[in-house]
Amino acid sequence: MATEGGVAWPHRWGLGKAMEQCSVELSMAWPVGRGVAVEEREQRSAAREEGNRGRAVLATVLVVDTRTSRFPGRRRLEKEREFPGKPSPSPVPRAAATMRLHALLLLWISAAAAASRPPLDTLGIPPLDEAYFRGGVIRCRDGSGKFTRDKLNDDFCDCTDGTDEPGTSACPEGKFYCQNAGHSPITIFSSRVNDGICDCCDGSDEYGSNATCKNTCWEAGKAAREKMKKKIATYKSGVIIRDQEVEKAKVAFAKDATELTKLKSEEKILQGLVDKLKEQKKLIEKAEEKECLRKEKEEKRMKEDAEKQAANENKDPDASQDVDSQETHGNVQEDESKHDPEIQDDTSIKAGPGDESPPKDTSAEPTKEQEPTHVNSEDLSREELGRLVASRWTGEKVDEVSKDDRKEHETEHDMPEPSEEALEDELDVPEPAEDSYNGYHSEVEDDRLKFDDEDFSNESEDEYADDHDEHDESYKSDDDQKADDHSVHSDLTASGQASWLDKIQQTVHNVLQTFNFFKTPVDLSEASRVRKEYDDASSKLSKIQSRISTLTDKLKHDFGKEKEFYNFYDRCFESKEGKYTYKVCPFKKASQVEGHSSTSLGLWAGGPSPLVNSTCEVL
Amino acid sequence: MAGRVGDSSPAPSGHHSSQASRTHAVRGSSVPDPPGPHAAAAMDPPPRWRLIPLLLLLLLSSSSPAARAWKKDEFRSCNQTPFCKRARTRGPHSLDAPLSLDAGSLFVSPDGSLTAVLSHPSRLRPLLLRLSALPPHVLRLQIDEDYSANTPPHRRFQVPDVLLPDVEARTLHLSEPKTAGGVSTLALSSDVDVVVKHDPFELTVRRASSGDSVLSFNSHGLFDFEPLQESKPEGETWEEHFRSHTDKRPRGPQSITFDVSFHGADFVYGLPEHGSTSLSLLPTRGPGVEESEPYRLFNLDVFEYLHDSPFGLYGSIPFMIAHGDSASSGFFWLNAAEMQIDVLAPGWDGAASTENGRIDTLWMAEAGVVDAFFFVGSEPKDVIKQYISVTGTPLMPQQFAVAYHQCRWNYRDEEDVAGVDSGFDEHDIPYDVLWLDIEHTDGKRYFTWDHSAFPNPEEMQRKIADKGRKMVTIVDPHIKRDSSFHLHEEATSKGYYVKDASGKDFDGWCWPGASSYPDMLNPEIREWWADKFSYENYKGSTPTLYIWNDMNEPSVFNGPEVTMPRDAIHYGDVEHRELHNAYGYYFHMATEDGLLKRGERKDRPFVLSRAFFAGSQRYGAVWTGDNSADWDHLKSSIPMVLTLGLTGMSFSGADIGGFFGNPEPDLLVRWYQVGAFYPFFRGHAHHDTKRREPWLFGERRTALIREAIHMRYSLLPYYYTLFREASLTGVPIMRPLWLEFPDDKETYNNGEAFMVGPSLLAQGIYEEGQKSVSVYLPGKELWYDLRNGSPYKGGVSHKLEVTEDSIPSFQRAGTIMPRKDRFRRSSTQMVNDPYTLVIALNSSSAAEGELYVDDGKSYGFEQGAFIHRHFVFADNKLTSTNIAPDNLGNKKFSTDCVIERVIILGLSSAAKKAIVEPGNQEVGIEMGPISLRRGSSSVAPTVRKPNVRVVDDWIIRIA
């Protein structure tokens, strides 16, 4: 997950890398006593970022100690706590860069665990600012006034911006600097000074309170350094992974792109064949129709019953230009149970995020249910009334509450699983178990938010068909999904595209050649052969088209500069937080799952960055 | 952790609406809708897929007008309430059987009270009247049936445990009345007497010297007292129906009605709790008054209450104060049944408006007895003190309770709690208390924890406590009917629940589902309840955990008007109708007692209650319940809090930001600026609202909110001193202007501005984008802008430009306010910080003020462990003297705190130094800013570091 920061890290780390080789810990432990930062800007800004100590640590690598001075001890500060065994750090002259390492080593050995306390006239002042306070009369930084040096840190606020009280709590707007030798310096609000709570790991903020602060800088610094090292390692391995991903992506992308090109050309050819077969089929049907009419006439004379029957048979061919009416029929029957939700699907996707207008299916609804005003609490049972009134405060659906309730104590309210799942389907994902090829192609356009690859996996529908209630939110595991894709794919490609396509072409050619449609009555076996070939070919065609649309859709996404997220397309990530499980499927959707209930957190909106963010946070 | 959807959707309780949240998510936003009042329309779960259109409709249909009309129907109007309708339609002096006083029965009984019989030939039982007096000017009138003549199956209910236990003992021994011409006169004090007219019975309290009436009872002949009946007369029905509910009323009609007149009054105030933008109680009936309901006192959990309506809300205090430029008086009727009160416009009785300033009122109650108190004050504060003398002084809160509270329904889990806690630190915003609402429990079983969200409650509290902060958890009266819940099992087996009309444990619906309610009228049950707060019983509680009592009206979701049926039965065979308004009071009382016990009576309890009754001030704070995030509710919060203060509930506030809905960021900022002055200062929000911790609205607004909270923290010494005053006298923290300026008529109905104590005046900003505001500054002295020290003349209205950084606020010339100007994480860390005194000199270059300090938590102050200083500035000298009485005990409190800064507004800038005595130490005077905010300019002579200790006597002389 090489974010910008991630890329930046190793780079910055490079500065300290030489030292790392020497001794990471040593270099980290450097800032002892008061220091002047070489990279001062860096250091100050870093220190300001509370909670990002890592950066400060890095920055302090380059801090060089120059002066130390003993705390002179002033009236207000008499109560100060002495640090046990505080050695006096040796003054270090400004050294040439080449000498720094030696100086550091010495310092670290002699004073690593010691916290030195600055004198009153430097108390709470960042080393870089010390110069500002040197004169006899000092200006408030905001220009609002000035003060004499004896008013510096005299525990009375003279500058409202806090200039004169960097080391006390007297000015509400002030900041206190703790050097935190052994760790990284931080700047805290003046209000933390002597408030009885240890804020600086060196305890320097509690020089005048009753609090006894242990100097924890060394331990904290060590931990921070460890953490930093780990982080660096993580980033490093991240960069490696990223590079690998980029490589893999290249391959996968090329593969997909090639496939797409191939499929497109196949589609063209196949389309031609299908068209021809269709033509044939039409002719056959016309012939059959004629035949029928002829038979009809004959039979009419013979029987009234037969006549009626014949009339019925005529209907379809009459009305239809729809060549595949038979298939359509078949599918409709097969799919009857699924049909409704599917319609819902479309409408709710339109209505959901947008105008919220009720889907047209509401017309099927008893009007009573549509009107909130029907809520007449007088008709409710006592319990229903209780739930209803409670729901005003909670904003919950009444049945939700009861569901919760049921969960809580076994229970008496036996109602159908609340419509959660249904809604889920409607707003999010279509069932993978779609069995309908017909109309599929056009649907793709509307369902851009859906995952076509799932729809495409029709071959394995049976696997999915039943468990959707339970797992509607969860994807098939990645492997399964790939397997599906693969199976589909192999269906099209396994036997070698050339031979597969050739075979079809050959067969169709044969069929077309053998078939003599001038022959009357139509040769039934030939007619059915044409039909079968047509069915096969158009089925293949629609599969190819689906696959094309899937691929096109996939390739449309922005997978990052180097397509580094290409392989995330088919993956999902899960993270458990308390009782919730968060699932994020990059480029698809995210959801929050609690037990059997699942809440959609939204669909993929495009662009890799939101994904990266949410993924990172969730994981 | 941004992995969760907003705050609203996956409520940690696990019973969140996933439909709703999903809709939000798909809309690409975690911004929840305002909670739809219709959001629960489905009676039977419709087929799954059909729910969507329904849901969409529901989401679309949460527009408020329909919602309001719809809700209104769920509450009884006066017309739907037979006793109210009957009483309200009756004309003056039109009763068939007016009661008369039997002159022969009048005598002073051995206990010093005066008793008499009220009767009428048509009545089965006469009534017994008792008049007693409490010094200085309190008259108590009690009227009940004389059960000796004829005993009904039940007696009328007299509310126990509300009056202070020593009220009887403090009763004066009255002298024999003088009777002549059907009128008896009784001296109450040297200045006040009572005139009792015999037939029909009428009572007038008047000033003896002038003969001016102050208060009168039944001067319009509306006093009616429905006698209890032995049994239901043939053919009559006692049942009452409201919506689907039937009230069997097995004891028949028993209402009481009477009229009370306040003479010399321009306005009447009081009778909380109602949403109102008017400080005074506007007339509900009479010429020129739009059709209105009477003020209703009936504790109800009203969903999204109206900001301006006489309908009853969560609490009831049947106490009214009248004020005019010549008189202040008060009337209190101790009765816990449903009460309706009309304020009658002049001419309502057909009489031409004659007398200058008289306000007539009509009081109607469904049951109970007459136990009424007449208060006669020369000043309005006297009236409050008299009321407090019978109902008790407000509890002295701990220091932390006076600081800022952060609440939300709900902080989800320990991580959330830690995040909010550190958020305050990161933004340098102080706060003292973090609250947990119902979701912290295991399935709304109070005294338990949801262990998946709060696995280590003790550790969590300890971490918060390490920063000197406290936590509050909610404990409501509805107990989940769940056989595995020990509290329920115990209450059931001990028979501690309120019973329904048939004698079974009353089973109502509230947050946990089926619930029952402990019968808090019973002292034994209160005792039992109190014990539940011990550390042993309340697992996971620590000494820094305090309590919030919500839903104690009581709220019963499936009950009539969302409360308990009136025919439910309490301890002593008392019907719920008789004590309804006091149920929450007893519950609050028991909880407070629990915390007292827990802390071995050394730790002052903090219990916030939503329901309240007269006397609730003794047990803790209240708030104005579930308000809404709109400007109107911000505006009405001031009259509401002021009214609570006038009626004893000095520790109160409104939810900052508004409970329901999402406040515009500007509204939120204004609310903090106004709310920082509420005595009880808490931010709270509904779970369906966006998060609104102070730092979530950009840097500028964070700074503004921080500033508002800082202002409150700097004034904590002043507030704490005011709380002390309230705990002694009942004079509220936040006061209507007329309480400080009783002669200034301009102030009488000013509900937009308010005083905090005697020294500070603030005016809220209640409109979005308001550019200027007119502020009336009463009195003759100057007022100094709290921010920059600019002086403003008193006695005039000032048109002021509105700035975003504060609401107009002023210090009154002639006052001294103690402050602490160092802002810490919480008030706990401010304990040793030095003080600033801000002196605003009046026209005679004088000023005075007080400072009260104690340990901020214990009861040591009761034995004298406190500092109480009086600061006087006069003749260029600031003197600090001790005003703590020395007869309280031998405990001492001390502190090393010093005064680091004395700002003197109105002092000549020529002053350069001061001498501190004793010691004759010289200290400098420099021009300094009035506040230490960045960019403040130096405006006033400031004594620099006199560093005198607040415990000592000293003088600072301007040289």
Side-chain angles (χ1 to χ4, degrees), chain A residues 142 156-157 160-161 169 171-173 189 191 195-197 344 348 352-353 356 358-359 362 365 369-370 372 375 378 382-386 388-392 395-401 404-405 408-409 415-416 418-420 422-423 426-427 577-579 582 592 597 599-602 617-618, chain B residues 2-3 5 9-10 14-15 17-22 25-28 35-43 45-46 48-54 56-58 60-61 243-244 303 413 428 443 452-453 467 482 509 513 557-558 562 688 821-824 829 900 929 932-936 944-945:
Chain A
D142 63 0
F156 184 87
C157 188
T160 51
D161 70 350
S169 60
C171 290
E173 307 247 7
F189 296 114
S191 62
D195 70 345
I197 298 167
Q344 264 322 98
S348 62
E356 285 182 55
T362 47
E365 197 74 3
E369 306 241 3
Q370 285 178 48
V375 182
E378 312 210 23
R382 281 171 50 75
E383 185 177 318
E384 284 165 338
L385 179 60
L388 171 69
V389 175
S391 70
R392 288 178 199 156
E396 281 157 19
K397 299 292 300 128
V398 175
D399 51 324
E400 278 294 307
V401 180
D404 178 51
D405 197 55
E408 274 174 30
H409 41 184
M415 24 169 120
S419 11
E420 262 181 23
L423 200 71
E426 278 144 15
L427 295 178
E577 290 292 331
K579 55 184 164 188
Y582 292 90
Q592 171 182 281
S597 93
T599 304
S600 168
L601 303 182
E617 281 160 19
V618 169
Chain B
V5 208
S9 334
H15 75 171
S17 159
S18 36
Q19 276 103 332
S21 60
R22 183 172 311 108
V26 170
R27 280 195 202 137
H38 305 310
M43 292 198 298
R48 309 164 39 169
W49 59 271
R50 284 183 183 167
L51 200 72
I52 303 102
L54 180 60
L56 289 171
L57 272 172
L58 291 173
L60 286 170
S61 62
R243 295 173 70 86
S244 60
F303 179 76
D413 49 26
D428 202 22
S452 66
K467 292 180 186 168
D482 167 2
W509 197 271
F557 291 152
N558 58 356
V562 199
D688 267 354
D821 289 344
R822 301 189 182 195
F823 305 117
R824 305 297 198 170
Q829 290 89 32
E900 66 168 340
L932 297 174
R933 278 187 312 155
R934 190 186 294 265
S936 307
R944 200 177 183 282
K945 294 175 79 174

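By convention in this document, chain letters (A, B, ...) are assigned in the order of the sequence lines, proteins followed by strands, and residues within each chain are numbered from 1.
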task: Against chain A, label B/Asp821 side chain, backbone, both or neither, depending on which of its atoms sit under 4.5 Å from a heavy atom there.
output: backbone
- line: Honestly, the part of A/Asp142 sitting under 4.5 Å from a heavy atom of chain B is side chain
query: Taking C-beta and beyond as the side chain, do A/Phe156 and B/Glu900 meet within less than 4.5 Å on heavy atoms?
result: yes
message: Quick check for you: among A/Ser169, A/Cys157, A/Gly196, which has the greatest number of heavy-atom pairs under 4.5 Å with chain B?
response: A/Ser169
query: Hey, are the side chains of B/Phe303 and B/Val562 touching, using non-hydrogen atoms and a 4.5 Å cut-off?
result: no
Residue part contacting chain B, namely of A/Cys171, when any heavy atom lies under 4.5 Å: neither
task: Identify the two heavy atoms, one from A/Thr160 and one from B/Gly935, that lie closest to each other, and give their separation to 0.1 Å.
output: OG1-N, 3.3 Å
Residues forming a ring-ring contact (aromatic ring centres under 6.0 Å, His included) with B/Phe823, sequence neighbours excluded: B/His710
